[in-house]
Amino acid sequence: MSDHPDVQDEPERYDPLALEPAIARRWHDDRAYSLTPRPSADRDGAGTFYALTMFPYPSGDLHMGHAEIFTIHDALVRHLRMTGKRVLNPIGWDAFGLPAENAARNRGADPKQWTYDNIEEQRSTIIRLGYSFDWDTVLYTCDPAYYRWTQWLFLELFDANLAYRREALVNWDPVDQTVLANEQVVDGRGERSGAIVQRVPRTQWFFRITDYADELLDDLETIDWPERVKNAQRAWIGRSEGAEITFKTADAGPIGEPEEVVVYTTRPDTIFGATYFVFAPEHPIVTARMAGDADYDAFRDEVSRRSEVERVSTMSADRGKRGVRLNFDMINPFTGGSIPAYAADYVLMDYGTGAIMAVPIGDQRDFEFARQEGLEIRPIIRPTGEDGELLDELDPDTMTEAYVGPGVMVNSGDYDGLPWEEAKQRIIDDVSVKGWGAERVNYRLRDWLVSRQRSWGPPIPIIHCATCGEIAVPLEDLPVALPDDLDFQVQGSPLDQHPTWKHDVVCPECGGEDAVRDVDTLDTFVDSSWYFLRYLSPQDDTRAWPKDAANAWLPVDQYTGGVEHAVLHLLYSRFVVKAMRDRGHLAADEPFQALLNQGQVIMDGASMSKSKGNLVVPGEVYDTYGADALRGTMLFASAPEDDIDWADVSPTGMHKWLSRVWRLTLAHIDRETTGSAADGPAVDELRKAVAVAVVGASEDYDARKYNTAIAKLMTLTNAVLDATRDGSGGEVAREALETLLTLLAPICPFITEELWHRLGHEGSVHDVAWPTADTSLLFEDEVEIVVQVNGKVRGRITAPAGASQDDVQAAAAADASVAEYLDGDLVKVVHVPDKLINLVVKA
RNA sequence: GCGGGCGUGGCGGAGUCGGCAGACGCAGGGAACUUAAAAUUCCCCGGGCGAGAGCCCGCGUGGGUUCGAAUCCCACCGCCCGCACCA
């Protein structure tokens, strides 16, 4: 090279920094990987593929985690293209959200400018790393051209009664005077102010995701996702089966007659063991009956504050339960007996009905509370063993924990002697007959709270009219755009505090002036719950997406992203697709057919962060070794699902291998140029090595095991080296190198493209068809067979392929190193053709 | 506590349809080339015994099934990730 004029006769060295940026820029500027025009209605499954990667959030430059996702995804996509698929591979930015707003608050930045600056930085890194996205489909969720349709989506749900407003307990930061998103609450404190977050009632917008609870649960069986993600969703949905049963207050109380209180239980069979009754402290009946009791109010306030703070830091078992005896009793409808009523912190207002029948004998929490308060623990079940045999009766005085196993009912009136499962069904039936309740399925899943008192998000397209109520903004008035002159220094919501924005509207229904805009914005998870639909037609300003395109392209064939979205984003997207299906806008039941969760990139065993001083950024890696080495290092380190500890891997090693590929290719070109190209004596081995590599690497690519695919390509590289060591190398060497470059192209797109051109090809290596192997080369005339005696390897023999057991056995027995172990009667012979023979002898 | 996953050389990892454990690489050691270095190329590289051929041990631990187990079954230990007072 030019800075070493004295060594200019040396072969050109591999210098990725000199060749990668220009190629990267060309791919981007030429839109080399855009899929225009789109195949749509003719999509038949075989010819097209929708590959999706979770779009980045633009807070700063790309980090190593992004590089990991995109590298895996890009290898997948480039490989699929070479196998003939037409791949839709879009990119965009999840560009609304709190960091931009916080930057505005803290540093006076303009959130829009801040966001787009970060996007540009990320975009150039993505281009530099050679990720083959379709740059025609770029979208930004903060662009009015996008969020117009996010607002449309909201109105669709509003029209379907799947979006509604009600009062709910939300996270309130008393210092910043604002509601916080759950993700802004860290260990019970506001992330900015450090103040303990309170639960306060506030009117909020919700999406009725619970309407789809059963389908969201059942359809998990139809999608190809990691089991742990499905399990996380199952747990989050939290379906349980039981019954609702009505208890009455023992006295008439404030309304003049006994009040009815419904409880939810999964163990109706244990109702005869309900020896007390517990309300959530905020339960309305309790609030009414304890009104004016200052001690009670203090208890309730402490509980509501305490529960949120301590839930995150303390194990429930260590904490003890807090409760107070209320000033009334309840009647157990089955026994007719009066039982004491309590309010306690271990009963939650927002699950079930906010009240429970407490069965200390059969529920650990009730047991603990009963012990603590000296309440009766009544045995109503006698344990049975595995074969249904009766075991010892329970003794409440000596028990240390509740009994939750199988048994038969005792002390349970007409149900005595029934197995507990049978008693459960009988009691459910009887409850219905007597009008005391009904069978009931319950879910842990809550409706999705989507409103935020923040201003860097899509305004909720609703107008509140004094006479008409909540009125949808007419579609032709969308988008409801954010004003450009928000003041982010105000306390509370900048949108709410804007001098004119919310008032500059009349009611679309009655034309009345006494109307204001909704000042809340939508959760950023709403933006990301449908972006994969917008990718189908990002420039279309007449509709969110064309129905035929949605039907053609959904579900996404492969979705790659982090497991941190196991529940939220992936559950919300599933809900949105199902809701849009029911609105007639698409046909798919699920958004993402297959999901791949890539591992994390960590450093020295810990997640990377600036504060820990262990941060590695993609830039410093590709500025040293190049993008190909960065990509190769990540994929060679381990399987895509596994974490990568950057301290354990070696971009240097990857660079060394790529340099070897470079040298071998240039040496071959030199042979051809000087007319000395001719295959040497090792040509047959090399031919075979090519076939082995094609077959092996193809299998690995199909299984997305890029680490072993690379290992096989290294082996092929070493075979080329061995075959050309003597300076020989002709057509077969060229074929070996071209195959190597083709097989490596999806992983290291730059060096392969460059060398492909240097080998004299006009087009791109990425347009080459995936190679197939001459499998006849894989067939061996002779095979090595392992000889075992009593299961231990004692020798190896060479035999013709397909040799019979008799022939192999004879040859094995004749082998000197084997014969010495054959001292006894041959009792059994196990023969695995062409692989192994095991001679079992008995002394 | 409940649910899920994982334990293989100094390190990342192969092998996981039961059939030669440690592919491929990193780190390390040695050699060639060089005035020297870098780069490159070659050799060695789980532990023990042995001059050597080779033998024994070895995939978290202990059992089991089998001609044969890293792989299948049982129990235990350890680590990681979810969820966590959900009635």
Side-chain angles (χ1 to χ4, degrees), chain A residues 7 10 13 226-236 238-240 242 263-267 270 274 278 280 307 310-312 314-317 319-322 344-348 350-359 362-366 368-369 401 442-446 563-564 566-567 600 632-633 636-639 641-654 656-657 659-660 663 696 705 707-715 717-718 721 725 784-796 817 827-832 835-842:
Chain A
V7 291
E10 300 238 328
R13 288 177 55 169
E227 205 51 40
R228 64 170 171 159
V229 176
K230 292 195 198 182
N231 277 327
Q233 295 216 347
R234 287 186 190 110
W236 191 266
R239 180 186 158 104
S240 71
V263 302
Y264 172 74
T265 177
T266 55
R267 293 292 304 275
T270 64
V278 189
S307 59
E310 297 195 0
R311 184 166 301 162
V312 293
T314 320
M315 299 290 279
S316 61
R319 200 183 302 153
K321 303 186 187 326
R322 302 203 51 193
D345 60 355
Y346 77 96
V347 174
L348 308 174
D350 57 358
Y351 182 78
T353 62
I356 64 158
M357 63 176 206
V359 183
D363 182 282
Q364 184 60 23
R365 296 151 300 176
D366 296 341
E368 287 167 19
F369 190 73
E401 56 183 24
N442 224 332
Y443 301 94
R444 184 188 335 227
L445 182 68
R446 308 294 149 76
V563 75
E564 67 272 18
V567 173
Q600 288 194 312
T633 301
F636 187 50
S638 63
E641 294 84 354
D642 294 339
D643 288 352
I644 297 172
D645 193 327
W646 199 252
D648 292 334
V649 301
S650 173
T652 316
M654 185 56 50
K656 273 170 68 175
W657 172 50
S659 298
R660 178 176 275 187
R663 276 195 310 278
K705 296 177 69 173
N707 54 336
T708 50
I710 291 170
K712 281 156 191 161
L713 298 183
M714 288 174 165
T715 303
T717 309
N718 294 340
L721 180 67
R725 189 183 307 287
E784 188 182 69
I785 292 177
V786 172
V787 182
Q788 295 183 340
V789 179
N790 292 340
K792 283 186 180 291
V793 179
R794 296 301 183 187
R796 293 170 181 82
S817 59
V827 294
K828 186 168 184 175
V829 177
V830 180
H831 179 233
V832 183
K835 285 184 92 171
L836 172 141
I837 188 157
N838 186 13
L839 307 173
V840 184
V841 296
K842 206 169 176 184

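Sequence lines set the chain letters: A, B, ... in the order given, protein chains first and strands last, and positions in each chain run from 1. All heavy atoms count here, side chains included; hydrogens, waters and symmetry mates do not. Quick caveat: nothing in here was measured; it's all calculated off a predicted structure.
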Hey, does [X] reach any base, or is it just sugar-phosphate, or nothing, if we go heavy atoms under 4.0 Å?
X      : result
A:N718 : sugar-phosphate
A:E784 : base
A:R239 : nothing
A:Y443 : nothing
A:K705 : sugar-phosphate
A:V827 : nothing
A:L713 : nothing
A:R796 : base
A:A235 : nothing

**Prompt:** Of A:R725 and A:G653, whose nearest nucleotide on RNA chain B comes first from the 5' end?
**Reply:**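 Residue closer to the 5' terminus by nearest nucleotide: A:G653.
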**Position toward the 5' end of RNA chain B (nearest nucleotide), A:R663 or A:V832** =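 Closest to the 5' end, via its nearest nucleotide, is A:V832.
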[X] has a side chain; which of [options] sits nearest to it?
X      : options             : answer
A:N838 : B:A87, B:C85, B:G19 : B:G19
A:I356 : B:G19, B:C24, B:A87 : B:A87
A:M714 : B:G25, B:G12, B:C85 : B:G25
A:A711 : B:G12, B:A87, B:A23 : B:A23
A:S650 : B:C26, B:A14, B:C85 : B:C26

**Item:** A:D363 side, atom CG; A:E368 side, atom CD - distance, nearest 0.5 Å
**Value:**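 These two atoms lie 9.0 Å from each other.
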**Asked** Nearest 0.5 Å, what's the NZ-CG distance between A:K712 and A:N707?
**Response**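 A:K712 atom NZ to A:N707 atom CG measures 9.0 Å (nearest 0.5 Å).
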**Asked** Rounding to a whole Å, what distance do you find between A:D643:CG and B:C6:C1'?
**Response**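 One finds 12 Å between C1' of B:C6 and CG of A:D643, rounded.
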**Prompt:** Roughly, in whole Å, what's the span from NZ in A:K792 to P in B:A21?
**Reply:**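 So the two atoms are 10 Å apart, to the nearest Å.
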What is the base-pairing partner of [N], counting Watson-Crick and G-U wobble geometry with both distances under 3.5 Å?
N     : result
B:G19 : B:C67
B:C59 : none
B:G7  : B:C77
B:G12 : B:C24
B:U35 : none
B:G50 : none
B:C2  : B:G82

**Asked** When rounded to the nearest Å, what value does the distance between C1' atoms of B:C72 and B:G52 take?
**Response**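 After rounding to an integer number of Å, I get 40 Å for this pair.
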**Message:** Quiz question: by atom type and distance under 3.5 Å, do the side chains of A:N231 and A:R228 form a donor-acceptor pair?
**Reply:**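 No.
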**Item:** Whether over 12 other heavy atoms sit under 6.0 Å from A:Q364 CD
**Value:**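 Counting other residues, nucleotides and ligands, CD of A:Q364 exceeds 12 neighbours.
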Does OP1 or OP2 of [N] have a side-chain N or O of [X] closer than 4.0 Å?
X      : N     : answer
A:R660 : B:U41 : yes
A:Y264 : B:A87 : no
A:N707 : B:G12 : no

**Prompt:** Glycosidic conformation of B:G47, syn or anti, with 90° from 0 as the boundary?
**Reply:**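 The base of B:G47 is oriented anti (glycosidic angle more than 90° from 0).
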**Prompt:** Is there a donor and acceptor pair closer than 3.5 Å between the side chain of A:Q788 and the base of B:G19?
**Reply:**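 Between B:G19 and A:Q788, which were checked side chain against base, a qualifying N/O pair under 3.5 Å is present.
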**Message:** Does the plane of the ring in A:F369 sit parallel, tilted or perpendicular to the ring in A:Y346? Use 30° and 60° as the thresholds.
**Reply:**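 Judged by the thresholds at 30° and 60°, the geometry between A:F369 and A:Y346 is tilted.
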